[in-house]
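Worksheet: one structure, shown below.
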Amino acid sequence: MYDVAILWDWIAFSVRWLHIITAMAWIGASFYFIALDLMLKPNTNLPRGAHGEEWEVHGGGFYHTVKYLVAPSEMPEHLTWHKWQSYSTWLSGAALLMIVYWVGGQLYLLDPTKVDLTLWQGIVISAGSLTIGWLIYDAACKSRLADTPTVLMLLLFVMLVIMSWGYNQIFTGRAALLHLGAFTATIMTANVFFQIMPNQRIVVQDLKEGRTPDAKYGKIAKVRSTHNNYLTLPVVFLMLSNHYPLAFGTEYAWIIASLIFLTGVTIRHYFNTMHRTGSGPHWTWGATVLIMIVIAWLSTASTWDGDYDALESAELTSYEQQYANVASFDEAYSTVLGNCSMCHAREPVWGSMQWAPKGVHLETEADVARHAEAIYLQAGVSHAMPPPNAIQMPEEARKTIVAWVREGRANTE
């Protein structure tokens with residue numbers, strides 16, 4: 001039976017695939033142009049208004065790039081705009097956020113042990129919080145702080161730390177880190193949409209109408225582009241973090257997320273310096289390794305306090321009751337305990353495993369009922385779990401899971 005859950009999972013997969021493809025295009029273009037800008041060499045034979053040139057070889061041919069610091073004397077017939085990589089990445093990321101953390105909010109977004117929120121309240125906080133960073137950051141960039149780039153960057157870092165802490169007080173660990181990444185990516189895309197592109201359009205319009213473009217527009221675009229360059233790597237880390245409980249499954253997850261922004265500075269500083277001078281400062285690698293060691297140490301601080309009695313006695317949510325209050329639940333619960341809980345426990349007992357895969361716990365009735373749809377996809381209609389080298393799950397056990405989840409869905413019809 002090809003049901004909605006399977007179709008929805010394929011939609012999520014497709015959107016994630018699109019998001020990765022567009023992100024690759026955006027990041028690649030961003031890194032290339034930053035490197036190109038830093039590698040430009042002066043040449044007295046360049047046209048009037050040209051700032052520098054760079055010769056490159058690729059794909060069996062040579063490329064000769066010339067940059068005009070403000071603009072050429074005449075508008076070229078063909079002009080390529082680099083904007084849709086950014087827009088497509090943000091739009092596909094926003095769609096993926098809605099699919100995973102809004103539609104699946106009962107499981108992935110809300111943490112009732114932190115704050116008791118309804119799903120719609122969580123969604124409002126999720127959506128509304130993404131705009132806060134841009135408004136504060138943009139106001140700072142337009143203030144006198146723009147004359148002190150280092151202070152401006154420090155202010156941005158402080159804001160990111162505050163948001164990291166704030167998200168962690170409300171959402172699940174994985175949702176908190178993901179939202180911090182989305183928060184940062186929103187600033188980056190807004191830089192392109194509200195500053196970089198409009199300023200470049202002003203320059204183009206001036207050229208078309210025979211006016212001399214003002215150099216300030218190019219400077220503003222370059223500052224915002226440079227900020228995006230330093231934020232890119234931390235955003236990639238935060239987007240990948242939901243696959244690694246060591247990153248989000250600790251009480252210090254907000255510190256881990258904050259520290260990762262420092263690695264974005266150290267790594268990009270090395271490469272930016274190398275592109276500009278031909279040699280990067282090697283101390284940046286030592287600093288990056290030291291930060292990652294601190295992050296790895298912080299990741300071992302689990303939030304689990306060992307209070308199984310409290311877990312067992314906790315009242316089930318309405319979503320959990322939907323799957324727990326069906327006749328086949330007891331059989332399905334025993335099936336999950338016998339085939340999945342050796343790994344998906346707060347203290348795993350299989351091999352040398354220290355943390356449950358993806359932070360998913362399947363021990364209590366609430367655990368199993370909460371993850372019903374995921375269990376259905378992973379161990380019911382597919383054979384993704386459990387791994388065959390861990391346990392051979394009988395086909396009848398999988399049919400039990402499928403029948404249970406479908407019976408639970410019928411409760412809402």
Side-chain angles (χ1 to χ4, degrees), residues 5 9 12 100-101 104-113 171-178 240-251 253 299-314 316-317 319-324 326 328-405 408:
D9 209 49
V100 176
Y101 291 94
Q106 294 284 2
L107 178 60
Y108 297 119
L109 179 65
L110 302 179
D111 187 342
T113 66
F171 297 146
T172 63
R174 72 177 266 178
L177 266 63
L178 192 284
L240 293 173
S241 67
N242 65 97
H243 298 285
Y244 295 91
L246 281 173
F248 67 77
T250 164
E251 61 184 304
S299 71
T300 61
S302 174
T303 56
W304 170 238
D305 60 8
D307 191 355
Y308 283 99
D309 292 336
L311 287 173
E312 292 284 358
S313 60
L316 271 63
T317 65
Y319 178 81
E320 293 164 354
Q321 290 173 2
Q322 174 185 341
Y323 293 100
V326 296
S328 59
F329 176 69
D330 288 341
E331 184 180 2
Y333 178 55
S334 297
T335 299
V336 172
L337 287 183
N339 292 277
C340 311
S341 295
M342 63 171 64
C343 297
H344 288 281
R346 288 161 179 83
E347 296 177 310
V349 296
W350 192 81
S352 59
M353 187 176 294
Q354 298 296 317
W355 288 269
K358 289 196 174 183
V360 174
H361 301 135
L362 301 175
E363 297 178 285
T364 68
E365 293 185 355
D367 289 337
V368 175
R370 188 183 317 119
H371 292 87
E373 293 290 346
I375 295 170
Y376 172 79
L377 292 172
Q378 296 284 337
V381 295
S382 79
H383 290 198
M385 289 290 165
N389 62 329
I391 190 171
Q392 298 291 326
M393 188 173 183
E395 195 61 34
E396 285 303 314
R398 299 186 189 277
K399 292 180 180 178
T400 296
I401 290 173
V402 171
W404 158 56
V405 174

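Basis for what follows: all heavy atoms, side chains included, without hydrogens, waters or symmetry-related copies.
Here the side chain of Glu320 pairs a donor or acceptor atom with the backbone of Thr317 at under 3.5 angstrom. Using a distance-only test at 3.5 Å, with no hydrogens or angles considered, no donor-acceptor pair links the side chain of Thr250 to the main chain of Thr300.
Residues satisfying the side-chain hydrogen bond (donor to acceptor under 3.5 Å, both in side chains) criterion with Asp367, sequence neighbours excluded, are Arg346, Thr364, Arg370. For Tyr319, the ring-ring contact (aromatic ring centres under 6.0 Å, His included) partners two or more places apart in sequence, or in a different chain, are Tyr323. Under the side-chain hydrogen bond (donor to acceptor under 3.5 Å, both in side chains) criterion, Glu396 pairs with no residue at all, not counting sequence neighbours.
In this structure, NE2 on His361 lies 9.5 Å from CD on Glu347, to the nearest 0.5 angstrom. If you take CG on Asn242 and NZ on Lys358, they are separated by 6.5 Å, rounding to the nearest 0.5 Å. Note that CD1 of Ile401 is 6.5 Å distant from CD1 of Ile375, once rounded to the nearest 0.5 Å. To the nearest 0.5 angstrom, Asp9 atom CG is 4.5 Å from Leu377 atom CG. To the nearest 0.5 angstrom, Thr172 atom OG1 is 6.5 Å from Leu109 atom CG. One finds the NE2 atom of His243 at 10.0 Å from the CZ atom of Phe248 (value rounded to the nearest 0.5 Å).
Nearest heavy atom pair, residue Thr335 against residue Ala397, reads CG2-CB, 3.6 Å. Scanning both residues, Pro348 and Trp355, for their nearest heavy atoms gives CG-C, 3.8 Å. Taking all atoms of both residues into account, the shortest heavy-atom contact from Glu363 to Leu337 is O-CD2, 3.4 Å. Looking at every heavy atom in both residues, Ala247 comes nearest to Leu177 through O-CD2, 3.7 Å. Considering all non-hydrogen atoms of both residues, Pro357 and Pro245 come closest at C-CG, 4.2 Å.
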| What's the verdict on side chain to side chain contact (heavy atoms under 4.5 Å, CB included) for Val368 and Phe329, showing C-alpha distance, side-chain angles and the deciding distance? | CA-CA 9 Å; Val368 175; Phe329 176 69; 4.2 Å; yes

| task | Please test His344 against Met353 for side chain to side chain contact (heavy atoms under 4.5 Å, CB included), starting from the C-alpha separation and ending with a verdict. | result | CA-CA 10 Å; His344 288 281; Met353 187 176 294; over 6 Å; no

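Side-chain contact check for Arg174 versus Tyr108: some heavy-atom pair is nearer than 4.5 Å. No side-chain heavy atom of Met385 sits less than 4.5 Å from a side-chain heavy atom of Asn339. Side-chain contact check for Tyr376 versus Val402: some heavy-atom pair is nearer than 4.5 Å.
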